[in-house]
Every structure is written in structure tokens, then in C-alpha cells.
Amino acid sequence: MKLVEESGLWRLGPAAAEVPLVAVLEVDGAVLAWTVDEEAAQISLTDPAGADWLWRILGESGHSMVAAAAGQPPQSGAETDLSGVDVLPGALDALRRLALGHWLRRWWPASVRDGIAGLDAALLDAEIALLTAQADDFVGEDSLDADIGTLLAPHAAALTMHLLVGDPRVVDLVARCVRLATDVGVQAPGWAELADAVEERASGSVASSHQDDYALAAGSDGGPATTGSIARGVTSMAWSGVPGGVFDAAEDTVRWAVIAVGDRVSAVLHIPVIGPGSSDGVPVELRCGSYTAAGSLDDAGRAKIDLVDRTSQPVSVATAWDQDWSATAVVVGVRTTETAEARDRVRRFARLRLTNPGPDAYLAEILAAEADY
Amino acid sequence: MSAGSDTVAAVGISQPRRAVIDRAWRALGPGVEILSGDDGGPLRRTVKRILDPLVLRLRSNPAFSAPFVDADVAAQMADAIADHADRLRACAAWFELMKLERRRLRITAGNAQDLYFPVCFELAVTSGAPGADRGQRAAAALRAVHDDRDRTGVEVLNEHVASPQVLTRLSAQLHRSWADVHADDSIIGPFLAGLTTVLGPAEGHRAGVARQRVWSALIADATPHNLGARARTQPSVLPWSILDLGLTAALPLAVPPISGGTDRDRPLDRSVVDRVRATLRRALDRDELPDVPLLCAEEVDRACAPWGFLGEDKQAALVAGIEVAGELAPLGQSAATRYLLAATIQARLRKEAYVLHARRALAGTAPLHPRQRQVIEDLANFARPYLSRLWARLHGRDVWQEPCDDVDDLRALLEGVARSVSLDHRQRIKAMLEVQVSQ
């Protein structure tokens, strides 16, 4: 293995991909990263002395060699060959799974159009919490990913519902989660009641019911208003420029139109939202030549914004009709360099996980796959 | 390759301490499962709360705390753990009981391992394995842990400062002590030059010793004292603005009030009573409850000392922290250049900010939602929260007379404060987004 300098830190292993293709985990003294559809781990040592678990994944002599070589901060461009040092087979599997779990929470490409079902947030977080507790040797108290309490806190109501539905795999997960919550001290609303429900269930007094909460709230299909339409089109948005869990993750979801209403010219935008998050306040900008319309979406993923020229003056209807709108660009959220190819690769990866769940599949994924049939 | 060859050779025959502990723990055999992880090794908190402080007793056996130990030390560590086998099994049995009792009483406050591990070990030492009165003992221990311990000290403080005579006395002492502090006219250049060594690289043993010598000399230097004193008379001669750095809200620094004020007060503006209250809150982990009238009188003198610390090592540490703080910007692209330690911390902070980006909580270094803007602006102003927290840590050390004279300890402190401020900020950035998502 090579130890190389990257942005002032020592790094082991190959460089991982950019978002949205990277799954990361913050552990004691290091940030681990994987390209989601590849195996090799990137280990960035933020505090080599704090990474007291390295022997578990590199063996004791490997740990010694890394500690000796990374004892001083790297010079720019530094590179050291540590021959014979390698990750022990399987040693990072549990951590990779945990990193993937965090990635699933944020980047899973749920889409009505693409037919990629959403993942149940409560079950996903519940399983991540349990895996975090098991990764106790790596995830210390003062790292971002150690906070089991915050992960579990909001989900008491959802987990209680799941308990009523009664899928045995889910019931087992919820019961283990309740024990964990008791031990780590989760005091959020509903947890005491959930603990009671788990206990009652264990004593066999609950009748099973059924519910199906998998239907995604599909955005209505009505595009932007067409009256007085001067130009219209569709385009795609970058995932990494907007919060997760808000928009349909398909391509070509951003519908825009330039319309005349009376003597004003406006840009109308509509992007299908699938929740659970709200699109309210997410900035949008339509630009063509010297004309711009910048504003923000409402909670239905819509916006109607007056178009202005370079001097912030309104655009007249006659000028708008004369303009060639074929170069119109729309940015939703923050401008990024994310590519459509990267998003496609994520969708392929997601579909593969659904159709062919491996040993590292989360229960939320398995249930989403089952709900598809 | 940067490490000296002597280091590599020494490391070659040594073992990671956690691996040594792990092996010794597994050799204990059955009876300690509840203190172990799924793979049979000790839980992190078993190491942190039981093995390190109570079995290996790192304070009296510093050799046991090295990240790598040689075969001799490893054998001693293994012996220490094996010698405690019965106690550890008894401790595990007590923990099992305390957990049952916790569930029975529906207690959800705090982390069970953090709270009960030391108590269980104490029970194992004083009473051995649980006996016939096990249930009662466990219930009593649980009550003792969850009794509101912090009220007592703060209540005593409130009663104490409710007396007008006490206030008059403290106030007279405050003005007398404040007037006692003067700066001499020495120059600050040599001190700042020394910091370059203290906060710089040290490869090998000899350089480490030299660095320690420089830090000891800087503690004895009058510069931190003088800078603190000048902040009251001539703040413009300081090399930085402690107003911009958020250590005070007004210059020149004025004598702090005895009581009153709010939580939002800048560190050097906080009232004497607030400082004592912070001490009492932090004293929770300690067995002895400090004598409140004495604490108040001492805090008056401390509040009057330069930078609010009696110890010259704390004064020097704060000045070192101010120098480091100026180079930290988690969302900035620039690398710190003046001090290697600051560059290392800065590289780490940027990586930590990147984790948020990879988790779709930041767009690069920009907010992903307008709601996050305020928190991100706070993060851009990293020096303020950094120095505020460093000041609080140093204040705690000053009160408990814990030294800051070891250069490695100083550097660990400057790093640790950055880590905890960054963690706080990142949790807020993430939370702002989750609020948005849950609506």
C-alpha cells in the first residue's frame, strides 16, 4: 500500500470518486471513503495517532509501519511505499456497510418516473444506529457519525407503526433498536411508548394489522401554465446542489416556460417533489443570454419569477418574442459540476441493489424491492 | 519519508496498545460478555471508563498509555488485566443488574455504559460479586447516579451571593486586585518567535526535548502577562484585536461585574459568579464538592489576573491559541502557513467539512439551503467559537490547578478544541437541513 499526501493529510488507498458516487464514514482519526460501486477503501488520516484501530484492519505490523511513516504531517506531494501493508480481507466490510447506509440516507435516487422506490427512513436509520453501536471500536464519541441518539430520536412514531404491521424482520429490528435506545439514553417523544409496545408484543397481546405506506406522493403531472407561452423546455438538476429527500431523482424533471402575462414576462418552473422534505425556499435561477429570473421554489416545487435584463429592468413582451430561448439554462439549488453520467451510474447501482440484494443490503432496501412486485 | 529511522526500529518490536488490551481481555474467558463487543474484545467504554483509569491506572503508569508498547510493558499490562479478572467479572455482573434496574425504572437519561461502568467497578471492589442483597444494592447505586448532583453546588452559590455583605466584600477585593495588575515595557517579538518552535515540527526525540524547553521558557516569559494587562490600558498595541476575536465585547477591557450578565457574554466580560457557576457545572465528575465561599474569593483574583487565569502556563496557552485561531478557516481554501500545527488542524477541519459535502449537507463549502446560511457564516468566523471554548477549558484547568506546561499536552489541547468546535458546528449544519426535510 502507498501512503500519499492529499490536501495536507496522509491518505492510504486509491482516491474515491466525487459526489454523488462516494460513501464516507468518519471514524476516530480518519475519514473512510468508498466509490459506491467499487470495493477499495480510501483512508484519509486526519489524526494518525488517534486511529488506534488501524491494527484491526492492517494487522499489528501494518499499524506500526503506518504510525511510523505518518508520524509527521506530510510535505506537499509526499509519497511513501509501505510494501507488505494491506487491508486484511473482510476487515472493513462492516464499516463499508455503515458508510453505504449513510449514503443511502442522503443519495438514494428515489423516483416515481424511474420506478426506483424510496427507502423507509426510520428503518434505515434504525439499522444504521445498530451498526454504529457495533462499530464502537472505530467510531468514537466525538465524531460526526457517533451520534446514535440523534439518528433514532425522530423515528419513534414510525417504528411504532412498523411494529403494528408486524413483519417479523422489522419487529426484530425495532426490538433491538429499543434496547439500544434505552442504553444510550434516547429521551425523544414516543420512545417510552415504543418500549412499552415492544414489551406488549413480546408478551403476545397485540393483533396484527396491515398497512402499505410505500406509495410515493407523486407530483402532479401538470407542467407550467401554457397560456401566453413564449418558450418552454425541460432540463435536469444536479442532486448535489439540493437537499436530499425532496425531488424526484429522474433526469429531465425540470420543466420551464417563459410566458407573457399582460405586459410582463415571467419564468415559470415546476419540478416534481416526492418528499418527505419540502422544496420550499430552494433557490432557482433561469438564465438565457442577458435575461435572468432568480427566485425560489414553493413547497409544491413551483416558482413564477419575473424576468429581468442585465440592468434589472423588466423585459418587454416584444423583446421576449424576439429572443432565441434555445440556450436557456436552469440551475436548481447551488451550481455544481455534477454530471448526468454520474447520476446514471448511481441509478444503475441502486437498481442492482434492489434486484440483486447482497449480504450488505439494508432491510429498508429489501422491503423496497419486495414492494416493487 | 519523514519519521526518523530510530522511530521505525523502535516501533518494529512494539505492539499497538489496543491490540495488547484486546488480547488480555479475551484471555479473561467467560463472565465479561456484557462488557465486550460482538467479537469478544472489550467495548470502547470498557477501555475508557474501566480498564484505562481503574485497572491499568494510566495516571500512575504512564508507560501503559503509549500508543505502542514493547513486549515488557505489554506483559505488565496483560498481568494487570489478568489480576483483575474476578473484579471484572463481578463488575460485569453488577452492570447486568444495573441495566435491568434501569429498564425496570424506565430511566433513559444518559448513556448507561458511561454512567454505570465506574460505579459497577467500585461495587466490585468494595463488595465483590453481587450477593443476596443484589437488587437493593443495584437500585441504591442507580439512585445515587441519577440524583441531581449539580443542584447542590449551584444552590449553595446562589445563597452565598444573595448576601449583601458578601457582595460588598467581593467587590472591594475585585477593584483592589484589578488595580494590582500592571504591564512592564518588555517587547513581544521573542515570545512570538518561540511560538514558531512550540507550534512547529519536531522530528525525533532531541527536537521534542528542545521544543519542550522552549515552551517552558515561554511560560516564564512576561509577554502573556503584559499583553493581558495592556488589553486594559492600551489595547491598540496588541498584535490582534481581541474584540474581533470575540474574547470581549468592548475595549479597553473593563473590570468584570461580580454577578449578572447573560450566557452570551464574551469570556473576558463574564461575571465572577458566572465563572464560578461554570466551575460547579464542570465539577460534576469530581468527588469533592469545592468550598463555595473560597471558590468565589479565588475567582475574583482569577478574574483580575491577565486573561482571567492565575497560572502563567494558562496565560501563555491562550496567547498560543490566539495565534493558531487566526489561521483556521474550515470552509476556506487556503492552507495555514505560519505554524505547522495550525496547518495540520486546518487540513483536518477541511476534511471534516468535506464529510458534510459528501453527505449532501453542504454544496462544496456553500449552504445547500438558505436556512443553513447563519450557521455557515458562524463557521467562517471560526476563531471566535474556538477561542471561547479554549478559554473555558483553560479556565477549568486554572481552577483545578491542572498544569498546561507539557508541550505535547498543550498541542493536544489546541487540536482537541478545534475538533469539538467543528463537531458542534457540523451537527448544527446537518440539523438545519433535517429540520427542513422533516417539514
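All heavy atoms count here, side chains included; hydrogens, waters and symmetry mates do not. To find a chain, count down the sequence lines: A is the first, B the second, and so on, and within it residues start at 1.
With a threshold of 4.5 angstrom between heavy atoms, A:Asp145 approaches chain B through side-chain atoms but not through N, CA, C or O. With a 4.5 angstrom heavy-atom cutoff, A:Ser61 does not touch chain B via any of its atoms. For B:Tyr354, the part lying under 4.5 angstrom from a heavy atom of chain A is the side chain only. Neither the backbone nor the side chain of A:Thr150 has a heavy atom closer than 4.5 Å to any heavy atom of chain B. With a 4.5 angstrom heavy-atom cutoff, A:Leu54 does not touch chain B via any of its atoms. With a 4.5 angstrom heavy-atom cutoff, A:Asp47 touches chain B via backbone and side-chain atoms both. Heavy-atom distances place the side chain of A:Gln134, and not its backbone, under 4.5 Å from chain B. For A:Trp53, no part lies under 4.5 angstrom from a heavy atom of chain B. When heavy atoms are compared at a cutoff of 4.5 Å, A:Pro20 does not approach chain B at all. For A:Glu18, no part sits under 4.5 Å from any heavy atom of chain B, backbone or side chain. Heavy atoms closer than 4.5 Å to chain B are found in both the backbone and the side chain of A:Arg179.
Under the side chain to side chain contact (heavy atoms under 4.5 Å, CB included) test applied with B:Arg348, the options A:Val31, A:Thr46, A:Leu45 reduce to a single match, A:Thr46. Screening B:Lys351, B:Lys430, B:Arg426, B:Arg419 for a salt bridge (charged side-chain N to carboxylate O under 4.0 Å, His left out) involving A:Glu26 leaves a single residue, B:Arg426.
With respect to B:Arg106 and A:Glu199, a salt bridge is recorded, a charged nitrogen being found less than 4.0 Å from a carboxylate O. Look at B:Arg17 and A:Asp52 and you find no salt bridge, because none of the NZ, NE, NH1 or NH2 atoms lies under 4.0 Å from a carboxylate O.
Side chains of A:Arg56 and B:Asp22 form a contact here, defined as non-hydrogen atoms less than 4.5 Å apart. No side-chain heavy atom of A:Val186 sits under 4.5 Å from any side-chain heavy atom of B:Thr108. Looking at heavy atoms from C-beta onward, B:Gln15 lies out of side-chain contact with A:Trp55 at the 4.5 angstrom threshold.
When each of B:Ala366, B:Ala202, B:Pro367, B:Gly416 is scored by its heavy-atom pairs under 4.5 Å with chain A, the top score falls to B:Ala202.
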Working for side chain to side chain contact (heavy atoms under 4.5 Å, CB included), residues B:His369 and A:Val334: CA-CA 9 Å; B:His369 194 280; A:Val334 181; over 6 Å; no
Candidate pair B:His357 and A:Val22, rule side chain to side chain contact (heavy atoms under 4.5 Å, CB included), full reasoning: CA-CA 10 Å; B:His357 170 56; A:Val22 61; over 6 Å; no
Side chain to side chain contact (heavy atoms under 4.5 Å, CB included) between B:Arg18 and A:Asp137, worked out: CA-CA 10 Å; B:Arg18 280 300 304 270; A:Asp137 291 317; 3.4 Å; yes
